[in-house]
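This report concerns only the one structure given below.
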Amino acid sequence: MRLSQMLLVTLRDDPAEAEIPSHKLLIRAGYIRRIGSGIYAYLPLMLRVLNKVSTIVREEMNATGAQECLLPQLQPADLWRESGRWDTYTQAEGIMFSLIDRQNRELGLGPTHEEVITTVAKEMIRSYRQLPLHLYQLQTKFRDEIRPRFGLMRGREFIMKDGYSFHADEESLKKTYQDMDKAYRNMLRRSGLQFRAVDADSGAIGGSGSQEFMVLADAGEDEILYTEDGKYAANLEKAVSLPVDAETSPFDSYEKLETPGTETIEKLCKFLKCSPTNIVKNVLYQAVYDNGMTVLVLVNIRGDQDVNDVKLLNELTKLAGNYGAKTVLALTVPDVEAQKKWAAKSLPLGYIAPDLSDDYIASSKEVSSKFLRMVDQTAVDLTNFATGSNESSYHVVGANWGQEFQLPKLVVDIRKAQKGDRSIHDPNQTLETARGIEVGHIFQLGTKYSEAMGATYTNEQGEEVPLVMGCYGVGVSRLAQSAVEQSYDKDGIIWPVAIAPYHVVICIPNIKDAQQIEVAENLYKELNEAGIETILDDRDERAGVKFKDADLIGIPYRIVTGRSLKSGKVELVERATHQSQEILVEEVLSTLKELIEKALT
């Protein structure tokens, strides 16, 4: 391709709407163009990158025996109601675009395809002889993001590979899960990316085990906790650890103290001259279930710890049946306005005690009349602790479970692991932290969808049993942008060779110089015929403009047919290092072949 014929417009200034480097650079370098909020056009250079990523993904998936298919983007609401996820996706998370057609039928634009693929399996898989079966697709997905941002990282439509496997038992599922773990690692390595595989929460997809694949980058939205020995890594939502030991309490008797202006843990510790590990913090949450029931949740946790909202949400989801519901639609810390809807009297915020009375809740059909009380494991063994008194400006000290306060029956692990905590697998290892961009996620779904939707097969004993399922996703467009976020400099993008739109750009500094044009044209033809993807910058622009654009676009190697032609040489510049060398024209092909082969191994 000749740049004089390509749709390429580069920008010198950062676009106003872009926040992170990769987003700025993809727009400036002419890879993407914003069409609307969270909606982007993939321009020719970007499409080449996406096609290369897709090829790597397809090759690794096909190598495992998975079969490619293509599923509909438009999905009937009835399928999602069968699985019980329609309300979750359209109301609780609110990420599904939903619409009504002219026959008054409800439909959704697919953010994921578990319901569709389970329907296919339900209608086509009859016997254990057809198992295991693994289907995948590369497809555009849709999410109604509240705040689309970061370009292709969090858009309202995106390209994704999602795959689904069907099995006769858990053992077969685990084998495919391990195959996908290996395939995903291969995809990321072949794409030239640094990454970590981490334990993850299954979220709205559901299932038992799941693992995320994180591309390491400072601008990553996810925090990763890991140990230096390489034996543990998890995202913050899922991470577990051993907290630091609690300090010995300075309080030896129970007493109520006036503690004005101590509504935060930090202020209270300063006032009482104690450690936050000596305090039981009481946090009030409001959970709204899918049947409209509101439940007030009082969590007791050690003062130096924070509640992990994802872990708390998972615990509340387990209890949904107790309230005649299936799932949680919303989980919040109730503000003053929210409290007005259910509070019978003013709450002692900042001074709540573990025994906050149920009579703070006004009688209502929509609100549970009792607090759901749970205690985090970090608070269970505390003795002589300080905590709230249910009276503003007062705390109690020297309190104990089983004496001044009753220990809640529901003991849970809902604390947020943090940097510096001891690892569970080896207490001598402490957790370190890094930022990452999630580009892949694999799940062991089990029978969640097959049971809900009646997808069964006949086993060897002639019994009808639910299919065991797995789910595996890779964000193709997100992976492409994450490569930029991981590798750039002040001059522009530095693409890994494997997914760069082209391997080489040939720059003609002076298009009025016949020799420069002739050598460039011959090299352009020779390299492309040899399978080295090459573009020719034959534009009528100054040499400096061409060099700046070459750096901005990020093509791995640049050939310059400049003044060194007088000695039969051209300049070869490596984009990643800016190192340059002069090589003979007849050695260009062999030199580039060697460099590219080395980069791809």
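Note that the coordinates shown come from a computational prediction; the quantities given were computed from them, not determined experimentally.
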Please determine, by modelled atom types, if [X] and [Y] share a side-chain donor-acceptor pair under 3.5 angstrom.
{"X": "Asn384", "Y": "Ser249", "value": "no"}
{"X": "Arg85", "Y": "Thr327", "value": "no"}
{"X": "Ser253", "Y": "Glu255", "value": "no"}
{"X": "Glu157", "Y": "Thr140", "value": "no"}

Salt bridge or not for [X] and [Y], using N-O below 4.0 Å?
{"X": "Asp358", "Y": "Arg373", "answer": "yes"}
{"X": "Glu114", "Y": "Lys448", "answer": "no"}
{"X": "Asp376", "Y": "Lys311", "answer": "no"}
{"X": "Asp87", "Y": "Lys326", "answer": "no"}
{"X": "Lys416", "Y": "Asp309", "answer": "no"}

(message) Side chains of Tyr254 and Asn400, heavy atoms from C-beta outward: is any pair under 4.5 Å?
(response) no
Distance, nearest 0.5 Å, that separates [atom1] of [X] from [atom2] of [Y]:
{"X": "Trp342", "Y": "Glu366", "atom1": "CH2", "atom2": "CD", "answer": "15.0 Å"}
{"X": "Leu193", "Y": "Glu485", "atom1": "CG", "atom2": "CD", "answer": "12.0 Å"}
{"X": "Asp413", "Y": "Met374", "atom1": "CG", "atom2": "CE", "answer": "12.0 Å"}

(request) Test Arg196 against Asp222 for salt bridge (charged side-chain N to carboxylate O under 4.0 Å, His left out), laying out the working first. (result) CA-CA 12 Å; Arg196 280 188 186 274; Asp222 294 292; over 6 Å; no
